[in-house]
Amino acid sequence: MRRPSVIKPFIYSQELAYRFNEDEAVWRRYMQKHALRRLRGSWSPFSEEVLDRLDWLEAQRECRERWYVGKSIVETVQSNHSQTPS
């Protein structure tokens with residue numbers, strides 16, 4: 001039997017590495033979006049702060065893994081379509 005004190009640091013370090021890599025991916029995507037918006041130079045009624053926040057939220061949506069409880073929306077829709085009579 002393995003000692004929990006040996007396993008826990010290993011799992012913890014893996015989790016830290018996973019989170020770091022995920023954060024890095026979000027940051028890189030945010031910087032891409034930020035640079036693209038500046039290159040386009042289009043006018044917007046929103047402040048620079050709001051646009052930065054929107055870029056950040058979109059980068060998070062694209063890069064972060066999402067965990068769901070229960071069936072995914074796609075599974076639910078597919079199962080409902082298969083149950084409807086033709």
Side-chain angles (χ1 to χ4, degrees):
M1 182 172 168
R2 293 183 184 178
R3 293 182 306 182
S5 61
V6 174
I7 296 172
K8 211 172 209 176
F10 178 71
I11 293 171
Y12 181 69
S13 62
Q14 282 185 326
E15 180 66 22
L16 281 177
Y18 172 78
R19 288 182 184 181
F20 175 82
N21 290 336
E22 190 177 57
D23 289 345
E24 183 71 18
V26 171
W27 177 254
R28 287 177 189 258
R29 186 64 183 138
Y30 163 75
M31 291 307 291
Q32 288 173 347
K33 290 182 169 300
H34 182 75
L36 274 173
R37 186 168 39 83
R38 287 188 177 257
L39 277 176
R40 281 187 253 147
S42 59
W43 180 84
S44 174
F46 300 109
S47 69
E48 189 71 21
E49 184 179 330
V50 169
L51 293 173
D52 283 343
R53 184 67 180 147
L54 290 172
D55 287 344
W56 179 254
L57 290 172
E58 189 173 354
Q60 285 188 322
R61 185 182 54 79
E62 291 175 5
C63 296
R64 295 234 186 257
E65 188 171 346
R66 292 178 230 31
W67 298 93
Y68 301 99
V69 175
K71 289 185 176 182
S72 70
I73 294 172
V74 174
E75 288 178 17
T76 305
V77 170
Q78 288 174 349
S79 66
N80 286 342
H81 284 298
S82 64
Q83 293 176 359
T84 55
S86 301

Query raised in the report: Should the pair R53-E49 be classified as a salt bridge under the 4.0 Å nitrogen-to-oxygen rule?
Result: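 No, R53 and E49 are not salt-bridged.
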
Requested in this report: Apply salt bridge (charged side-chain N to carboxylate O under 4.0 Å, His left out) to R64 and list each qualifying residue two or more places apart in sequence or on a separate chain.
Outcome: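 Checked R64 against salt bridge (charged side-chain N to carboxylate O under 4.0 Å, His left out); matches are E22, D23.
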
Query raised in the report: Only one of K33, R29, R37, Q32 clears side-chain hydrogen bond (donor to acceptor under 3.5 Å, both in side chains) with D55; which?
Result: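 Checked K33, R29, R37, Q32 against D55; only one passes side-chain hydrogen bond (donor to acceptor under 3.5 Å, both in side chains): R37.
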
Report task. For the residue pair R28 and M31, establish whether any side-chain heavy-atom pair is separated by less than 4.5 Å. Result ->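 No, side chains not in contact.
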
Query raised in the report: What is the minimum heavy-atom distance between A25 and C63, and which atoms define it?
Result: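 Result for this residue pair: O-SG, 3.7 Å.
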
Query - Closest contact, heavy atoms only, W27 versus W56 - result: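 Heavy atoms only, the tightest pair is CE3-CZ3, 3.8 Å.
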
Query raised in the report: Partners of R19 by side-chain contact (heavy atoms from CB on, under 4.5 Å), sequence neighbours excluded?
Result: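 Testing R19 for side-chain contact (heavy atoms from CB on, under 4.5 Å), a comparison that skips the adjacent residues, returns E15.
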
Query raised in the report: Given a cutoff of under 4.5 Å between side-chain heavy atoms of I, L, V, M, F, W and Y, with clusters grown through shared members, what are the other residues clustered with L54?
Result: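 Answer for L54: F46, V50, L51.
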
